[in-house]
There are 2 protein chains.
Amino acid sequence: MTSREMKNEVYSTIAGIAKAFSNPNRLEILDLLSNGEKSVEEVAAQTAISFANASQHLQVLKKARLVRLRKDGNKVIYSLANRKVAEAWTAIKNLAETVEPTIGLTLQQYRRARQTDQSICLTELDSARYQLLDVRPAGEYHYAHLPGALSIPVNELELRLAELPKEKTIVAYCRGTYCTMADAAVQLLRSRGFNAVRLEESPADASNPA
Amino acid sequence: MTSREMKNEVYSTIAGIAKAFSNPNRLEILDLLSNGEKSVEEVAAQTAISFANASQHLQVLKKARLVRLRKDGNKVIYSLANRKVAEAWTAIKNLAETVEPTIGLTLQQYRRARQTDQSICLTELDSARYQLLDVRPAGEYHYAHLPGALSIPVNELELRLAELPKEKTIVAYCRGTYCTMADAAVQLLRSRGFNAVRLEESPADASNPA
DNA sequence: CAACTATTCAATTAAATTATTGAACAGATA
DNA sequence: TATCTGTTCAATAATTTAATTGAATAGTTG
């Protein structure tokens, strides 16, 4: 094996794994799986990806060994292979937001239009004045959640407003920076007379700091 | 802007940047530029990439804003855009080596065959018994190097053996894990009666810890 | 100004990727 | 065993990407 042969093999192998990150649908799937394991069906439902296409992208991620699967009855449940997958994904997100400021501007524009661009950090939280609220599906809350957070999935929120303390500011969070469930929750809560803001961080960020 | 439109735009933008990492030639170029700025000519010479093709890959990296360029006379000099590029590249390398053990095995096989698989860590270094040796081209040494290291480019090594202390073990390093200049240096030094090993780390690793 | 150097651009070809469709398959349920 | 459900596979078409070649460009040197 010559030096050139060794390098070609090594760089090609790494490029093959990096290629798994090069498609927007797969990135969205990685963000989703960062919040807990999901069946193909759920992945397709939670994204705008067709069922067969979601399966195909999951195959690509599997071939790159970025995800694992287990079978549960006739379902196939996918999850991230290990912590380094989320770390690499975070590093790429970080890099992208640095070199391509339009990402931040797009987010800002989306949130400004909904008046949900205000957010507070975990370190500013004071349980006397704030109530953390996890608006993700219950399964994701059970997989991992921030200490002290209440779980009310955004689609049940309207029916369960009574569970929330009127006198505190509600701090809603969801899957991460690019997830919009917390925005919807904040808008709903405000329309019902609550004080509400988004949380700056997400559980996935918190366990995989930048 | 709907939630879906926002997500599509954000994930597509990030995927576009991630795509820049999905080609083996570009990864080799990133490793090269981690060791200091280079002209297109130098990039092509140091890799197995043709001149026009190197230029093309550099354009791709430029479009993804992973590299910057400056003009010097009639040369165009490329360098990494910022620290986060090297950080993301390191995260990807780390991930790849974890999920794809063949990378490590290939490296090991290459070095075993040359008896250069032995290496020592920076923390084990004791300047009374070891002499650090930087065998990269002089320009890369001047861009950044480890404290206490001597600079003798590997292609000049044979003529400059007299500059090395016979009684110490020579610890050679080059561009990084996948660079083979230190292996060549260790082989040459041993054939001339020196004690020599590779250094585990590289300057790029040292300034961008995993 | 002519010749030279370093680089980029344009055109081409071969190969890979993406999304869609519908068929195939494997496990669970009746 | 027949049927249903969740998933994968195979075939296709549209789009991208990669490498090669040679021409074009911009700055420098004689």
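Labels below follow one simple rule: chain letters A, B, ... track the order of the sequence lines, proteins then strands, and each chain is numbered from 1.
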N/O (side chain, A:Y78) to phosphate O (OP1/OP2, D:dT8) under 4.0 Å:
yes
Short side-chain N/O contact to C:dT17 OP1/OP2 from A:H57, under 4.0 Å
no
Short side-chain N/O contact from B:S55 to OP1 or OP2 of C:dT7, under 4.0 Å:
no
Hey, mind stepping through A:D117 and A:R198 against salt bridge (charged side-chain N to carboxylate O under 4.0 Å, His left out) and telling me if it holds?
CA-CA 8 Å; A:D117 49 326; A:R198 277 187 318 102; over 6 Å; no
Could a donor-acceptor pair under 3.5 angstrom be found where the side chain of A:N74 meets the base of D:dT5?
yes
How would you label the contact of B:K19 with the nucleic acid (heavy atoms, under 4.0 Å): base, sugar-phosphate, or nothing?
sugar-phosphate
Sugar-phosphate only, base, or nothing, as touched by A:Q56 at under 4.0 Å among non-hydrogen atoms:
base
Side chain of A:N23 - closest among D:dA19, C:dT18, D:dT8
C:dT18
Check every strand shown and say whether A:S22 touches a base, only sugar-phosphate, or nothing at a heavy-atom separation below 4.0 Å.
nothing
Taken to the nearest whole Å, CD1/B:I77 to C1'/C:dA6 is 10 Å
For a quick check under 3.5 Å, do B:T106 and A:E9 share a side-chain donor-acceptor pair by atom type?
yes
Of the listed D:dC9, C:dA19, C:dA6, the closest approach to the A:N53 side chain comes from C:dA19
Electrostatic pair A:E28-B:R4, nearest N-O below 4.0 angstrom:
yes
Can you check whether A:I170 reaches A:P165 side chain to side chain, under 4.5 Å on heavy atoms?
yes
Under 4.0 angstrom between B:S50 side-chain N/O and D:dA19 OP1 or OP2:
no
N or O in side chain of B:N25 less than 4.0 angstrom from D:dA19 OP1/OP2
yes
